[in-house]
Number of protein chains: 2
Amino acid sequence: MPYRGDVTIVAEAAIPSRRELNKAATREAIATAALELLRAKGMNGFTADDVANAAGVSRRTFFNYFSSPEAAIASFTQKYLDTVIEQLLLRPRDEALLESAQHALTAVEPKDLATLAETFALTQGDAQLSRFQLEAWDNCSSKIITAIGSRLGGLDAAGAAPGSTPLDANGELYLHALVQSVIACGRAAVEVWFRRHGEDISPASLAQLRELLVSAIGHLRTGFHS
Amino acid sequence: MPYRGDVTIVAEAAIPSRRELNKAATREAIATAALELLRAKGMNGFTADDVANAAGVSRRTFFNYFSSPEAAIASFTQKYLDTVIEQLLLRPRDEALLESAQHALTAVEPKDLATLAETFALTQGDAQLSRFQLEAWDNCSSKIITAIGSRLGGLDAAGAAPGSTPLDANGELYLHALVQSVIACGRAAVEVWFRRHGEDISPASLAQLRELLVSAIGHLRTGFHS
DNA sequence: CTCACTCCTTGCACTCACTGCATAACTTGC
DNA sequence: GCAAGTTATGCAGTGAGTGCAAGGAGTGAG
């Protein structure tokens with residue numbers, strides 16, 4: 001195994017420096033430590049101090065990475081949703097958004113889906129934790145909207161329009177309503193899944209979750225006519 | 001003006017006792033005090049102590065009513081959404097849900113819509129406050145789902161089914177996806193409105209907000225086909 | 001009216017989340 | 001290996017949020 005030091009290859013996504021690696025590592029350590037404490041003692045069963053100790057960093061460092069213990073937990077949901085966004089942006093541009101969403105939601109590692117499901121289950125019962133989860137889903141909406149918005153027409157966020165025609169009010173509403181509905185259906189699927197399967201994280205159960213996700217978006221595609 | 005003391009009439013909604021009136025009054029006082037402080041100094045510009053003093057109660061009493069200053073602010077959004085739910089449940093049962101939603105969203109006092117808009121505007125920029133707003137919208141989803149769920153078929157929440165057939169997994173997903181999408185479209189409308197009109201709470205601006213609300217739900221009705 | 005009862009308010013004390021600042025440890029480019 | 005920039009940590013301070021026990025106001029029966 002030659003060249004163990006600074007690895008050269010992998011041209012993708014820029015070479016992470018040691019600093020960046022360290023930061024990512026401690027961030028990871030803190031988040032997983034928080035998750036394990038949550039598993040073991042439930043929220044309110046541990047403090048920010050405990051998380052810091054378990055992760056092998058000082059309390060102050062903990063707060064350099066996360067604004068609260070809840071934020072550390074919610075980072076897993078964030079991460080899952082970020083990978084979904086990645087997948088979404090990889091889809092062909094001319095594909096219908098709802099179809100892209102169906103593909104993106106299911107094109108993630110089973111492991112990531114599992115932690116999404118688990119954190120969702122563990123989240124039930126703690127108000128503040130739930131709020132952070134909601135925030136994660138909402139952030140996802142915003143990111144997608146900005147991405148799609150800048151893709152077609154002027155920048156969606158306040159900023160100079162580069163070339164094409166900026167979105168009019170109707171188009172903007174359409175985009176926002178569509179994306180937020182997609183996210184809403186995603187959450188609905190997870191919710192229904194949890195009601196049915198509780199804390200069961202088995203592959204079979206996760207397969208059901210996938211199915212629910214697809215089928216929730218499917219309802220959006222075919223429309224609601226009750 | 002005879003009988004100024006204990007008024008007898010108004011058979012609707014039970015006679016509120018003096019205790020209940022007092023509680024409602026202090027709750028109201030605290031909430032409005034919080035809102036005024038928010039208007040004047042922005043979030044982070046005041047403490048729970050300040051709110052309590054402004055409302056003429058002790059700090060401890062403040063926390064008897066709200067778990068945090070943010071919760072006090074979010075109570076306005078809660079209230080607005082609760083009246084929407086009321087309106088929604090007043091609609092004929094055989095009406096399509098999406099149509100009911102359009103009516104319910106616009107059948108509220110202009111004043112309430114104004115405070116919804118204002119608190120939304122004031123909320124921008126504070127993370128914790130935003131989370132509480134999200135929670136309010138999400139609570140609204142849950143309430144509607146439970147209401148509709150118990151209306152058709154067995155209780156949606158875990159509980160004994162009274163008479164009719166309980167919802168199967170598909171029906172449950174359908175219901176959740178639909179309701180959460182409606183709420184999502186509501187939020188989307190407010191968001192787009194805010195982007196266009198900023199802090200403008202004039203009647204004309206609010207009329208536009210109403211229009212956006214209806215038209216967002218309209219998108220759900222006609223379906224998304226981009 | 002008044003006495004007992006219940007619920008609400010308040011002050012006190014305590015834990016812990018979160019932040020600014022100053023200092024030590026570490027990375028990086030030279 | 002040295003100077004510069006970053007990150008980790010310790011310290012101290014503010015303020016959120018809670019349990020507890022004492023005082024006060026609304027309630028109901030006699």
Side-chain angles (χ1 to χ4, degrees), chain A residues 5-8 14-31 33-34 37-38 41-75 125-132 135, chain B residues 5-8 14-31 33-34 37-38 41-75 125-132 135:
Chain A
D6 290 19
V7 192
T8 38
I15 2 85
S17 75
R18 180 157 219 130
R19 265 196 189 138
E20 284 164 338
L21 287 178
N22 283 346
K23 282 197 73 167
T26 51
R27 188 182 176 83
E28 176 95 5
I30 293 175
L37 280 171
L38 176 60
K41 320 196 165 184
M43 208 89 231
N44 300 340
F46 62 96
T47 74
D49 244 325
D50 299 334
V51 180
N53 288 334
V57 297
S58 79
R59 166 191 174 77
R60 191 62 183 81
T61 298
F62 170 87
F63 282 109
N64 282 343
Y65 283 88
F66 297 102
S67 62
S68 67
E70 288 86 355
I73 301 293
S75 76
D126 184 83
Q128 182 68 352
L129 198 40
S130 301
R131 283 178 211 123
F132 272 84
E135 188 188 26
Chain B
D6 290 21
V7 191
T8 38
I15 2 85
S17 75
R18 181 158 217 130
R19 270 200 183 130
E20 284 164 338
L21 287 177
N22 282 346
K23 283 197 72 167
T26 50
R27 188 183 177 82
E28 176 96 3
I30 293 175
L37 281 171
L38 176 61
K41 320 197 165 183
M43 207 89 230
N44 300 340
F46 62 95
T47 74
D49 245 324
D50 300 334
V51 180
N53 288 334
V57 297
S58 79
R59 166 195 169 73
R60 192 62 184 81
T61 298
F62 170 87
F63 282 109
N64 282 343
Y65 282 88
F66 297 104
S67 62
S68 67
E70 289 86 355
I73 300 295
S75 75
D126 184 82
Q128 182 67 353
L129 198 40
S130 302
R131 287 189 272 267
F132 273 83
E135 188 188 25

When the distance from CG of N64(A) to C1' of dC26(C) is rounded to whole Å, what number comes out? 15 Å
Apply side-chain contact (heavy atoms from CB on, under 4.5 Å) to residues I73(B) and F132(B) and explain how you reach the verdict. CA-CA 9 Å; I73(B) 300 295; F132(B) 273 83; over 6 Å; no
Go along nucleotides 13-19 of chain D 5' to 3' and tag each nucleotide: B for a protein heavy atom under 4.0 Å from its base, S when only backbone or sugar atoms are that close, - otherwise. --SBBBB
For the pair made of OH in Y65(B) and P in dC8(C), what is the distance, rounded to whole Å? 7 Å
Is P69(A) close to M43(A) at the side-chain level, that is, under 4.5 Å between some pair of heavy atoms? yes
Look at the side-chain N and O atoms of T61(A) and state whether any lies under 4.0 Å from the OP1 or OP2 oxygen of dA8(D). no
Is there a side-chain contact between Q128(A) and Q128(B), using heavy atoms and a 4.5 Å cut-off? yes
Length of the line joining N44(B):CG and dA17(C):P, which is rounded to integer Å: 19 Å
Using a distance-only test with no angle check, is there a side-chain donor-acceptor pair under 3.5 angstrom linking R18(B) and N22(B)? no
In whole angstrom, what separates L21(A)'s CG from dT6(D)'s C1'? 15 Å
Atom-pair distance (CG on N53(A); P on dA8(D)), nearest Å: 16 Å
Spacing of K23(B) atom NZ relative to dT10(C) atom P, expressed in whole Å: 13 Å
Measure the angle between the two terminal helix axes of the helix from dT9(C)-dA22(D) to dC30(C)-dG1(D), five base pairs each, and quote it to 10°. 30°
Where along nucleotides 21-30 of chain D does protein come under 4.0 Å, by heavy atom, of base (B) or sugar-phosphate alone (S), with - for untouched nucleotides? ----BBS---
Please give me the minimum heavy-atom distance between A31(A) and S75(A), naming the atom from each residue. CB-OG, 3.8 Å
Audit row: D49(B), F62(B), side-chain contact (heavy atoms from CB on, under 4.5 Å) steps and yes/no: CA-CA 8 Å; D49(B) 245 324; F62(B) 170 87; over 6 Å; no
Distance, nearest 0.5 Å, that separates CD1 of I30(B) from CZ of F63(B): 10.5 Å
Look only at the side chain of D50(B) and the backbone of T47(B), and say whether a donor-acceptor pair between them is shorter than 3.5 Å. yes
Start with the C-alpha gap between N64(A) and V57(A), add the side-chain angles, then the distance that decides, and say whether side-chain contact (heavy atoms from CB on, under 4.5 Å) holds. CA-CA 11 Å; N64(A) 282 343; V57(A) 297; over 6 Å; no
Let's go through E28(B) and T26(B) carefully: what are the C-alpha distance in whole Å and the side-chain angles of both, what is the deciding distance for side-chain contact (heavy atoms from CB on, under 4.5 Å) to 0.1 Å, and is it a yes or a no? CA-CA 5 Å; E28(B) 176 96 3; T26(B) 50; over 6 Å; no
Within a strict 4.5 Å, meaning less than it, do heavy atoms of the R131(B) and L129(B) side chains meet? no
